[in-house]
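Below: one structure, written as structure tokens.
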There are 2 protein chains.
Amino acid sequence: MTGVTTAAAEPAEPQPDAPTEAGTEAGTAKPRRARGEQTRQLILETALRLFRERGYAETTMRVIAKEAGVAVGNAYYYFDSKEHLIQGFYDRNQAAHHAAAGPILATEKELAPRLRGVLHAGIDVNAPYHSFAATFFKTAAEPTSPLSPFSRESAPAREAAIAIFREVVDGSTAKLDPELRKELPELLWLGWMGVVLFWVYDKSPGQRRTRRLIDGAVPLIDRLVSLSRLRVLRPALRQVLALIETVRKDD
Amino acid sequence: MTGVTTAAAEPAEPQPDAPTEAGTEAGTAKPRRARGEQTRQLILETALRLFRERGYAETTMRVIAKEAGVAVGNAYYYFDSKEHLIQGFYDRNQAAHHAAAGPILATEKELAPRLRGVLHAGIDVNAPYHSFAATFFKTAAEPTSPLSPFSRESAPAREAAIAIFREVVDGSTAKLDPELRKELPELLWLGWMGVVLFWVYDKSPGQRRTRRLIDGAVPLIDRLVSLSRLRVLRPALRQVLALIETVRKDD
DNA sequence: CACACCTCTTGAACATGTTCAACTAACCGC
DNA sequence: GCGGTTAGTTGAACATGTTCAAGAGGTGTG
């Protein structure tokens, strides 16, 4: 849970401003008025609830506004577009994934189970939103969208996600090539994006095919990572790393 | 079910309007149908041209209709939605890719250059539509959309695409594990989807990063395919194939 | 207190994808 | 030729995301 969640049972309390301005929230300035933040949260909560209840496309901005008891234009004062409401969902699930991964990362020390646990935790967290996620995935896929996982706007969220996989690697007992170790977290995150992609398309009951994919792919990755220390595979590994380097240039 | 776009085996060329009802129909008289088909083509041509000229989002259905000289409702008689116009683009580029790959496949006999040639040909064909493709990709990404490359509706197009990669493999001199040989075309197609994904997000001038990705990835794939015959890697290969098998179950 | 200012709120207006009932015209059976 | 059937066509009407000029309400300053 982030500290932002609750829909505030308390009326705006004399909490005028924290000792430090500590406005680590998304971008915009953080003046002393808390009233706006309350409205913002109200709109976001309402929107996410409606998305879950009736789906993204079926939830109109007018309904969100009406249900939240504000004018439609007010929603646009806080969120640039309907899509931007999704960012809230995004951030929240990101945090939930991190929290859910905690226990496994604290317990397990071997690479494979760590990775497996983190991946399953990610699916667990997202499971309740599978049908909704499918529709909103569409907007996230648009390259020009700020919601794209590769966009500059979602860089913080992306970094946070990669950090989870860095913890998977760094906290493990696995011995691996130092250069590979450096790149592995991002590669694993990329793999995770692939799993999510697969999951979004997975129509099997309970998305069990995705579970099977994870269970099958993790040992494979584990094996490949181990094999990468073999002499025969050294040039191939170098080739992979060089490719990553080359492709990454001028972005 | 085939017969989506029958005579589409040619590279996409503007093809100025056929002489208006001159000698259009010969023996197989479907004059009734022919008129509709003509309108359909006219709308599609107009739409694709406008998409290229001004982008997908910026091209309104009203403008398409006006430019084509028909009523807006008429476009909806032939195409279920604006997105469905994209299917035309899809089919056409698929055919163009096949055509563009022809010379390389006829000339080259080694796996790596064959694959490289086919991939570059694919990018060549799509290059003029890069900015438009980004938006189109958004639509294709939606799992419920018939335009998704994984949907049942696009199975024919998908099969056609995989067939290109089957030709890449089968026509090559490369010696490889028989089971791998069976799976490789689909895997390469999946890789091609990945390249397309990368390309869509590639904002470098002329999408040169994608070119570099291809040039870097092809030798790597080539090397891995060769290495797969090594004894040490035999179990890993089996593991990969088993994973594919497992995941594919109940779809 | 008056005034200015700034955050926040409003709802009508606008743009665009989509639908629909009505209309036209070519064809077919008589 | 006549009436009916059906493919083809129309444009107004509708739904929804988004914008915008105007106003409300509080906060600080003179």
Side-chain angles (χ1 to χ4, degrees), chain A residues 11-14 16-17 21 23 25 27-44 46-47 50-51 54-87 135-136 138-139 142 144-147, chain B residues 20-21 24-25 28-44 46-47 50-51 54-87 135-136 138-139 142 145 147:
Chain A
E13 217 15 63
D17 31 4
E21 26 222 302
E25 266 299 64
T28 52
K30 189 72 170 229
R32 52 246 150 143
R33 297 264 177 83
R35 179 153 138 258
E37 191 56 29
Q38 200 177 340
T39 308
R40 181 196 176 86
Q41 288 302 323
L42 173 63
I43 292 171
L44 180 57
T46 307
L50 290 173
F51 287 167
R54 19 202 306 188
Y56 178 73
E58 290 71 25
T59 304
T60 73
M61 291 299 279
R62 283 168 182 78
V63 168
I64 294 173
K66 180 175 241 177
E67 198 88 353
V70 300
V72 61
N74 202 2
Y76 281 92
Y77 180 77
Y78 292 103
F79 300 92
D80 288 348
S81 73
K82 187 182 176 187
E83 295 187 0
H84 276 73
L85 283 165
I86 295 176
Q87 186 75 47
T135 43
F136 107 60
K138 166 183 177 173
T139 62
E142 164 129 53
T144 61
S145 164
L147 293 173
Chain B
T20 44
E21 58 200 276
T24 322
E25 62 279 328
T28 57
K30 295 203 295 187
R32 188 97 164 263
R33 275 285 211 263
R35 176 153 144 260
E37 192 55 31
Q38 200 175 340
T39 308
R40 181 196 178 86
Q41 289 301 324
L42 173 62
I43 293 170
L44 181 58
T46 307
L50 291 172
F51 288 166
R54 23 205 299 192
Y56 179 73
E58 291 69 27
T59 303
T60 73
M61 291 299 279
R62 284 168 182 77
V63 168
I64 295 173
K66 180 176 241 179
E67 199 86 356
V70 301
V72 61
N74 202 2
Y76 281 91
Y77 180 77
Y78 292 102
F79 300 92
D80 287 348
S81 73
K82 187 182 175 186
E83 296 186 358
H84 276 73
L85 283 165
I86 296 175
Q87 186 74 49
T135 4
F136 141 86
K138 164 184 179 173
T139 317
E142 166 130 53
S145 165
L147 292 173

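Heavy atoms only: backbone and side chains are in, while hydrogens, waters and symmetry mates are out.
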Q: Let me know the distance between CD1 of B/I43 and P of D/dA7, rounded to the nearest Å.
A: 17 Å

Q: For A/Q41 and C/dC8, give me the distance from atom CD to atom P, rounded to whole Å.
A: 13 Å

Q: Evaluate the side-chain contact (heavy atoms from CB on, under 4.5 Å) criterion for residues A/M61 and A/L85: first the C-alpha distance (whole Å), next the side-chain angles of each, then the deciding distance (0.1 Å), finally the verdict.
A: CA-CA 10 Å; A/M61 291 299 279; A/L85 283 165; 4.1 Å; yes

Q | Interface residues of residues 60-72 of chain A with DNA chain D (non-hydrogen, below 4.0 angstrom) | A | A/T60, A/M61, A/R62, A/V72

**Q.** Shortest non-hydrogen separation from B/I64 to B/A47 and the atoms involved
**A.** CD1-CB, 3.9 Å

Q: Determine: side-chain N/O of A/N74 to OP1/OP2 of C/dC8, distance under 4.0 Å, yes or no.
A: no

Q.
Among residues at least two apart in sequence or on other chains, which ones pass side-chain contact (heavy atoms from CB on, under 4.5 Å) with A/L42?
A. A/T46, A/A68

Q: Consider the side chain of B/Y76, meaning its heavy atoms from C-beta on, and name the nucleotide among D/dT9, D/dG17, C/dG17 that approaches it most closely.
A: C/dG17

**Q.** Interatomic distance where CZ belongs to A/R54 and C1' belongs to D/dA15 [whole Å]
**A.** 14 Å

(Q) Between A/Q38 and A/Q41, is there a side-chain heavy-atom distance shorter than 4.5 Å? (A) no

Q) Cationic tip of B/K82 within the cone over B/Y56's six-membered ring, i.e. under 6.0 Å and within 45° of the normal? A) yes

**Q.** Interatomic distance where CD belongs to B/Q38 and P belongs to D/dA7 [whole Å]
**A.** 18 Å

Q | Nearest-Å distance for atom pair CD/C1', residues B/E58 and D/dG17 | A | 15 Å

List, with names and distances, any nitrogen or oxygen atoms from the protein found under 3.5 Å away from nitrogen or oxygen atoms belonging to nucleotides 21-23 of chain C.
none

Q. Do any side-chain nitrogens or oxygens of B/T39 fall under 4.0 Å of OP1 or OP2 in D/dT9?
A. yes

Q) Between C/dT10 atom P and A/Y77 atom OH, what is the distance in whole Å? A) 13 Å

Q. Salt bridge (charged side-chain N to carboxylate O under 4.0 Å, His left out) with B/E67: which residues, sequence neighbours excluded?
A. B/R49

Q: With sequence neighbours left out, write down each residue that passes side-chain contact (heavy atoms from CB on, under 4.5 Å) with A/R54, or none if nothing qualifies.
A: A/L50, A/T59, A/V63

Q: Whole angstrom is fine here: how far is it from OH in A/Y56 over to P in D/dT16?
A: 14 Å

Q | Spacing of B/K82 atom NZ relative to C/dT16 atom P, expressed in whole Å | A | 9 Å

**Q.** Pairs flagged by side chain to side chain donor-acceptor pair (under 3.5 Å) wherever residues 71-81 of chain A is involved - sequence neighbours left out
**A.** A/S81-A/H84

Q. Heavy atoms under 4.0 Å, any strand shown: does B/F79 hit a base, just sugar-phosphate, or nothing?
A. nothing

Q: On DNA chain D, check which nucleotide each of B/Y78 and A/T59 is closest to and give me the residue with the more 5' one.
A: B/Y78

